[in-house]
Structures are given as C-alpha cells and as structure tokens.
Amino acid sequence: MNREVVKKVTGFRTKDGAGVSLVRVLGHETTDTYDPILMLDSFDSTDPDDYTAGFPMHPHRGIETISYVYRGNMVHKDSLGNEDQISDGEVQWMTAGSGIMHEEVLPASERMLGVQLWLNLPKKDKMVRPEYHAIKNKDIEEIKIDGGYLRLLAGNYKDHKGHVGKYLPLDYYDIHIEPGKEVSIDTADNKSVTVFTLIGDVEIENKVVEEKTSAKLGEGNKVVIKNHGQEEALVLFLSSEQLNEPIAWGGPIVMNTRRELEQAFADLQNGNFIKDKLIFDRGE
C-alpha cells in the first residue's frame, strides 16, 4: 500500500541564534504528528548577512541535533574545546544527552542551503553521555535508483548501510528526482515517515508538496514521489520509530516532565549542567 500525505506544514521565515534568517517548519505545535522529530529548520540564502551571525554558545539536553549542509559550511564548537567543520553534502550528528554547550558558526559561502532537525531521545536515554559525529562525504553512499539517485545520509537503504544512531535509529535519505520522473521508496509498515522538499515541488499520491514543506505520510509499505517540474527536485526522507512519550520542552532542552525540565535549568544556573566528558569523532 502506498503511503499518502496526511499532514503538510509549510515553513515560515523567522530569526534565531544571533540573528540567523531561516525557515522554521516543525516546532512545538507539530510534535505529536511528526514524533519523533521535534523541530526542523531550513536554511537557504545567497546573502551571508542572513546567517553569518551564527548560533553562539548555548546548551542542549535530551535530544539529538542533526544538521545537513547541502551547500555551504558549518563549524561546530563545544564547551570542551572540540571543533569541526562540515561542508557541501555533509552531516553533523550531535547527541546532547545529559547536557552539552555548543555553538554553530556559519561562514560566508556562495549559497547556504540545508536543514537542521531535532530528534527526540527516548525517555530511558535522555541522560546518556553526549557525543558528536561528523558524517563526511566519503562516508555517504550515492545509490542510483529509478528516476534519480539517493544519498544515504544515515541508517539503511535495502542492503546499503550508513551511519546508525545509537538510541533512536533514523533512516535519512537525500533523494534527487530527475525532471518528469518519479521514485519509489519501500518503507517499513511500523515506521513514522516524513519527507521535506528542500528544492522544488513534488507530488505524492495526487497531493502536491510545495518547496520548503514537510509532509507526514500515512501508513503503508511504499512511497512514490513524482517530480513534474523542469528541474531536479531534492527531497529529504526521514523514517524512524514513534516514541509516544510525554514532552516537556523549554528552549534548547527537551525532557519528559516539567520537573526534569526545571532540574535542567537549575543545573545550568548552579554549574552542574555538563555531566560527562564529550566523545568526539570527526568521521575521519
């Protein structure tokens, strides 16, 4: 059975960090529908003034942040002195777990185009040891499929294996669809599946999904995505297990109860926020 679009959310332009202009697509109001994806922000600008202010040092707890820079550069720095940069086509996967302070610097480039999503951590893993992993181009397999090709950013695609998250495995594909063509992706029946149109409009079961739009798909074992446009479309595909757990969200921290959230902010105030030494992996 083909999956159909059950919900669409088109992003709106806003500012975050030190004044970074971005398109916010998913957030507080969409957590139930898009579980386990908490937030999805998209960046798309040819004006460095829109983004070079970056995201100064700030805390996270209880989530994983996954940044895909399709065009441009992003530099990660954290409270323990680690530093790494990803460029065109690469991914940063940070497990905040029990707590980390980090910043993201966005150097000027010809075009800044990409997505950051927040993936919720299961209740039992909220306080795991923080980790950082860079998924470089050499680790990302490009797979030819009918109608285009697929970049395996994380997880599995058929017999192909990419980076696998430790706590809530995520299949994350960058799917390129040729003009006038369609692609078909098999999906597990029990997974929550979301697509995001980074470039171009597409059609899924007779419903148009406009550019910079997130679409939650219903049940099924396959999704067919059509590109009726005259240019290549780029669609991000996300598949994971739903958590169906309570969410207590305050700024950059996401826990399960209000008490846990209050404790996190108390830890910030009293200097007990950082619990464990960071495990750092540049993906080299």
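Predicted model, so just to flag it, every value in this text is computed and none were measured.
Neither side chain, D88 nor Y70, offers a donor N or O lying under 3.5 Å from an acceptor on the other. Judged purely by distance below 3.5 Å, without hydrogens or angles, the side chains of T187 and R3 pair a donor atom with an acceptor atom. Checking Y68 against D174 by side-chain atom types alone, a donor-acceptor pair falls below 3.5 Å. Judged by distance alone, the side chains of W93 and E64 do bring a donor and an acceptor atom under 3.5 Å apart. In the model, E90 has no side-chain atom that pairs as donor or acceptor with a side-chain atom of Q85 under 3.5 Å.
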| request: Assess whether side-chain contact (heavy atoms from CB on, under 4.5 Å) is satisfied between H133 and I135, documenting all intermediate values. | output: CA-CA 6 Å; H133 182 83; I135 306 172; 3.5 Å; yes

| request: Begin with the C-alpha distance, continue with both residues' side-chain angles, and end with the deciding distance and a verdict on salt bridge (charged side-chain N to carboxylate O under 4.0 Å, His left out) for K136 and D84. | output: CA-CA 11 Å; K136 302 290 181 144; D84 185 45; 3.6 Å; yes

| message | What verdict does the side-chain contact (heavy atoms from CB on, under 4.5 Å) test give for I177 and V235, after you've listed the backbone C-alpha separation in whole Å, the side-chain angles of each residue and the deciding distance to 0.1 Å? | response | CA-CA 8 Å; I177 310 172; V235 177; 4.1 Å; yes

| field | E141/K161 under salt bridge (charged side-chain N to carboxylate O under 4.0 Å, His left out): CA gap, chis, key distance, verdict | value | CA-CA 9 Å; E141 186 177 1; K161 297 184 182 299; over 6 Å; no

| Given D41 and R24, is the salt bridge (charged side-chain N to carboxylate O under 4.0 Å, His left out) satisfied, shown in steps? | CA-CA 5 Å; D41 285 345; R24 177 143 296 158; 2.8 Å; yes

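Closest heavy-atom contact between P246 and N256: O-ND2, 2.8 Å. Of all the heavy atoms in K222 and S184, the pair that sits closest is CD-OG, 2.9 Å. Shown here for P48 and S109, the closest heavy-atom pair between the two residues is CG-O, 4.4 Å. Taking all atoms of both residues into account, the shortest heavy-atom contact from L117 to L238 is CD2-CD2, 3.6 Å. Nearest heavy-atom pair across L170 and S240 is CD1-CB, 3.9 Å. Taking all atoms of both residues into account, the shortest heavy-atom contact from R61 to A264 is NH1-CA, 3.4 Å.
Note on residues 198-239: pairs passing ring-ring contact (aromatic ring centres under 6.0 Å, His included), not counting sequence neighbours, are Y173-F237. Within the structure, no pair that satisfies the salt bridge (Lys or Arg N to Asp or Glu O under 4.0 Å) test touches residues 114-127, not counting sequence neighbours. Every pair passing salt bridge (Lys or Arg N to Asp or Glu O under 4.0 Å) that includes a residue from residues 253-262 is listed here, sequence neighbours excluded: R258-E262. Within the structure, salt bridge (Lys or Arg N to Asp or Glu O under 4.0 Å) contacts touching residues 233-253 (residues at least two apart or in different chains) do not occur. The salt bridge (Lys or Arg N to Asp or Glu O under 4.0 Å) analysis of residues 144-157, with sequence neighbours excluded, yields the pairs E142-R151, K144-E178.
A heavy-atom distance below 4.5 Å is found between the side chains of L38 and I247. Residues V105 and T52 form no side-chain contact, since every pair of their non-hydrogen atoms from C-beta on lies 4.5 Å or further apart. L236 places none of its side-chain heavy atoms less than 4.5 Å from the side chain of V195. Proximity of N73 to I86: side-chain heavy atoms (C-beta onward) are nowhere separated by under 4.5 Å. Using a 4.5 Å heavy-atom cutoff, the side chains of E83 and V75 are in contact. Contact check for T95 versus T65: no side-chain heavy atoms found under the 4.5 Å cut-off. Between R71 and V69, the closest side-chain pair of non-hydrogen atoms is not below 4.5 Å. No side-chain heavy atom of F196 sits less than 4.5 Å from a side-chain heavy atom of V9.
Every side-chain hydrogen bond (donor to acceptor under 3.5 Å, both in side chains) that H58 has, sequence neighbours left out, goes to H60, H102. Every residue two or more places apart in sequence or in another chain that forms a side-chain hydrogen bond (donor to acceptor under 3.5 Å, both in side chains) with R13 is listed here: S21. Here Y149 pairs with H176 under the ring pair (Phe, Tyr, Trp, His ring centres under 6.0 Å) rule; sequence neighbours left out. Remark: Y172 engages no residue in a side-chain hydrogen bond (donor to acceptor under 3.5 Å, both in side chains) (not counting sequence neighbours). Not a single side-chain hydrogen bond (donor to acceptor under 3.5 Å, both in side chains) links D201 to another residue, sequence neighbours left out. Considering only residues two or more places apart in sequence or on other chains, D50 meets the salt bridge (charged side-chain N to carboxylate O under 4.0 Å, His left out) condition with none of them.
Using a cutoff of 4.0 Å between basic side-chain nitrogens and carboxylate oxygens, K77 and E104 are not scored as salt-bridged.
Although no hydrogens or angles enter the test, the distance criterion places a donor-acceptor pair under 3.5 Å between the side chain of T197 and the main chain of T213. Checked by atom type and distance alone, the side chain of W118 never pairs as donor or acceptor with a backbone atom of N120 at under 3.5 Å. K7 places no side-chain N or O within 3.5 Å of a backbone atom of K216 that could act as its donor or acceptor partner. With S192 contributing its side chain and D35 its backbone, the two residues share a donor-acceptor pair below 3.5 Å. A donor-acceptor contact shorter than 3.5 Å links the side chain of N221 to the backbone of M1. E211 contributes a side-chain N or O that, together with a main-chain N or O of G200, makes up a donor-acceptor pair within less than 3.5 Å. With hydrogens and angles ignored, the 3.5 Å screen pairs no side-chain donor or acceptor of D44 with any backbone N or O of L113. Side chain of D171 to main chain of S239: no donor-acceptor pair is present (N/O by atom type, distance under 3.5 Å, no hydrogens or angles).
To the nearest 0.5 angstrom, L153 atom CG is 10.0 Å from I175 atom CD1. Distance check, rounded to the nearest 0.5 Å: CE of M57 to CD of E103 gives 4.5 Å. The CG atom of N2 lies 10.5 Å from the CG atom of L217; values are rounded to the nearest 0.5 Å.
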Please output the side-chain donor-acceptor pairs of residues 25-32 that fall under 3.5 Å, not counting sequence neighbours, one pair per line with the distance.
unit_1 : atom_1 : unit_2 : atom_2 : d
T30    : OG1    : G27    : N      : 3.0
T30    : OG1    : G27    : O      : 3.0

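Under the 4.5 Å side-chain heavy-atom criterion for Ile, Leu, Val, Met, Phe, Trp and Tyr, V20 and F12 are members of distinct hydrophobic clusters. If you chain together hydrophobic residues whose side chains sit under 4.5 Å apart, V254 and L119 never meet in one group. The same ILVMFWY cluster, assembled from side-chain heavy atoms under 4.5 Å apart, contains both L234 and I66. Linking ILVMFWY residues whenever their side-chain heavy atoms come closer than 4.5 Å, directly or via other members, places L198 and L40 in the same cluster. L121 is not connected to M39 by any chain of hydrophobic side-chain contacts under 4.5 Å among Ile, Leu, Val, Met, Phe, Trp and Tyr, and they are in different clusters.
For E219, the CD atom sits in a loose shell: 12 or fewer heavy atoms of surrounding residues, nucleotides or ligands are nearer than 6.0 Å.
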